[in-house]
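To start, the structure under review is shown below, and the notes come after it.
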Amino acid sequence: MSQFPVIAVDGPAASGKGTIASRLAAHYGLPHLDTGLLYRAVGLAVLDAGQDLGDAAAAEAAALALSPSGLTDDPRLTERHAGEAASRVASYPGVRAALLKLQQDFAAQTGGAVLDGRDIGTVIAPDAVAKLYVTASPQVRAERRWKQLTARGQNIPFADMLEDIRRRDERDSGRDSAPMVQADDAVLLDTTDMGIETAFDAARRIVEAARAMAGI
């Protein structure tokens with residue numbers, strides 16, 4: 001076992017899992033992978049090629065050709081349409097299979113790592129010592145994402161944002177391949193009534209408890 005455990009952070013869109021994972025990585029000095037960016041990049045690649053997001057073969061080909069380097073350099077990855085595209089291509093088993101090894105190789109780094117997504121604790125790193133499932137109410141998650149996008153100049157009605165959140169939840173949890181679900185041994189962290197500092201502190205304490213249980 002590595003000197004530091006893999007930290008798996010799962011949960012639905014806008015739950016705060018990405019921010020929490022990033023903060024945990026910085027706190028412990030670990031590499032961090034936002035696996036959602038991989039699926040967003042695949043979705044954008046399909047769109048950039050003028051292909052249909054409903055074409056599973058095109059999405060799989062884009063996933064197979066994906067290079068993780070420089071992912072964070074494309075500002076479009078944070079836009080609303082990229083999130084919707086990611087949710088659609090993520091439902092294809094071929095896409096998930098194409099990205100599986102890339103994510104597992106990241107998790108296997110000596111010294112530990114932090115990964116966030118929707119199937120980290122169940123599929124990508126089922127043996128992770130520390131597992132968190134971060135969630136919040138759909139209304140709160142929609143408000144967070146709406147404020148985030150509005151601050152970037154994207155004018156989106158709140159009702160549309162809430163519908164987006166609910167639609168993505170249904171698609172992510174209902175897909176046949178690696179559905180979004182809380183791992184049996186993951187600790188639930190509901191951030192509905194938490195600010196980021198409170199949520200991070202709660203997440204850190206969950207990780208510390210997991211480390212103590214594992215003797216790490």
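Listed by first and then second residue, the salt bridge (Lys or Arg N to Asp or Glu O under 4.0 Å) pairs that reach into residues 14-27 are R23-E197, sequence neighbours excluded. Sorted by first and then second residue, the salt bridge (Lys or Arg N to Asp or Glu O under 4.0 Å) pairs involving residues 31-45 (not counting sequence neighbours) form an empty list. Residues in residues 92-102 take part in these salt bridge (Lys or Arg N to Asp or Glu O under 4.0 Å) pairs, two or more places apart or across chains: R96-D119, K101-D105. The stretch residues 49-64 participates, sequence neighbours left out, in no salt bridge (Lys or Arg N to Asp or Glu O under 4.0 Å) pair at all.
A salt bridge does not link R168 to D164: none of the charged side-chain nitrogens sits closer than 4.0 Å to a carboxylate oxygen. Ion pairing of E143 with K147 is present here, as a side-chain N (NZ or NE/NH1/NH2) and a carboxylate O approach within less than 4.0 Å. Classification of R211 and E208 as a salt-bridged pair holds, one side-chain N sitting under 4.0 Å from a carboxylate O.
H27 is linked by a ring pair (Phe, Tyr, Trp, His ring centres under 6.0 Å) to F200, counting only residues two or more places apart in sequence or in another chain. Checked against side-chain hydrogen bond (donor to acceptor under 3.5 Å, both in side chains), D10 has no partners two or more places apart in sequence or in another chain. With sequence neighbours left out, the side-chain hydrogen bond (donor to acceptor under 3.5 Å, both in side chains) criterion links R141 to D169. Applying the side-chain hydrogen bond (donor to acceptor under 3.5 Å, both in side chains) criterion to S87, with sequence neighbours excluded, gives R171, D172. Annotation: side-chain hydrogen bond (donor to acceptor under 3.5 Å, both in side chains) contacts of D48 (sequence neighbours excluded): R76. Residues satisfying the side chain to side chain contact (heavy atoms under 4.5 Å, CB included) criterion with T198, sequence neighbours excluded, are M194. When the side chain to side chain contact (heavy atoms under 4.5 Å, CB included) test is applied to A41, the partners found at least two apart in sequence or on another chain are L66, L71, L77.
Hydrophobic clustering of Ile, Leu, Val, Met, Phe, Trp and Tyr side chains at less than 4.5 Å, counting indirect connections, keeps V140 apart from V9. The cluster map of Ile, Leu, Val, Met, Phe, Trp and Tyr, joined by side-chain heavy atoms under 4.5 Å apart, puts L38 and L53 in the same cluster. In terms of hydrophobic clustering, with Ile, Leu, Val, Met, Phe, Trp and Tyr side chains grouped at heavy-atom distances under 4.5 Å, L189 and I7 are assigned to a common cluster. Residues L64 and Y92 do not share a hydrophobic cluster, clusters being chains of Ile/Leu/Val/Met/Phe/Trp/Tyr side chains in contact below 4.5 Å. The hydrophobic cluster containing Y133 does not contain I120, counting ILVMFWY residues as joined when their side-chain heavy atoms lie under 4.5 angstrom apart, directly or transitively.
Nearest heavy-atom pair, A125 versus V6, reported as atom, atom and distance to 0.1 Å: CB-CG1, 4.1 Å. Smallest separation of non-hydrogen atoms from H32 and G18: CE1-O, 4.2 Å. Here the closest heavy-atom approach between residue S15 and residue A136 is recorded as CB-N, 4.4 Å. Between V114 and A21, the shortest heavy-atom contact is CG1-O, 3.6 Å. Contact record, A85 with G43: CB-CA, 3.9 Å, taken as the closest heavy-atom pair. Closest heavy-atom contact between G11 and R118: O-CG, 3.6 Å.
For the atom pair D190 CG and S137 OG, the distance stands at 7.5 Å (nearest 0.5 Å). Here the straight-line distance linking atom CG of D116 with atom CD1 of I20 works out to 9.5 Å at 0.5 Å rounding. From R88, atom CZ reaches atom CG of L47 across 8.5 Å, with rounding to the nearest 0.5 Å. For the atom pair CG (L132) and CZ (R204), the distance works out to 12.5 Å, reported to the nearest 0.5 Å. The line from CG of N155 to CH2 of W146 is 8.5 Å long, rounded to the nearest 0.5 Å. Atoms CG and OG1, from L37 and T78 in turn, are 9.0 Å apart once rounded to the nearest 0.5 Å.
With hydrogens and angles ignored, the 3.5 Å screen pairs no side-chain donor or acceptor of T19 with any backbone N or O of G16. Side-chain atoms of E84 never come within 3.5 Å of backbone atoms of R80 as a donor-acceptor pair (strictly under, hydrogens ignored).
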Donor-acceptor list for residues 178-188 side chains, cut-off 3.5 Å, not counting sequence neighbours:
residue : atom : partner : partner atom : Å
Q182    : NE2  : A186    : O            : 3.1
D185    : OD1  : K131    : NZ           : 3.0
D185    : OD2  : K131    : NZ           : 3.3

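Side-chain contact between V129 and M213 is absent, with no heavy atoms from C-beta onward closer than 4.5 Å. Side chains of T35 and F106 form no contact here, defined as non-hydrogen atoms less than 4.5 Å apart.
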(request) Report the C-alpha distance between H81 and L44 in whole Å, list the side-chain angles of each, state the deciding distance to 0.1 Å, and finish with yes or no for side-chain contact (heavy atoms from CB on, under 4.5 Å). (result) CA-CA 9 Å; H81 76 283; L44 286 182; 3.5 Å; yes
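Of the N and O atoms on the side chains of R144 and T191, at least one donor lies less than 3.5 Å from an acceptor on the other residue.
The neighbour count for E170 CD, taken as heavy atoms of other residues, nucleotides or ligands under 6.0 Å away, does not exceed 12.
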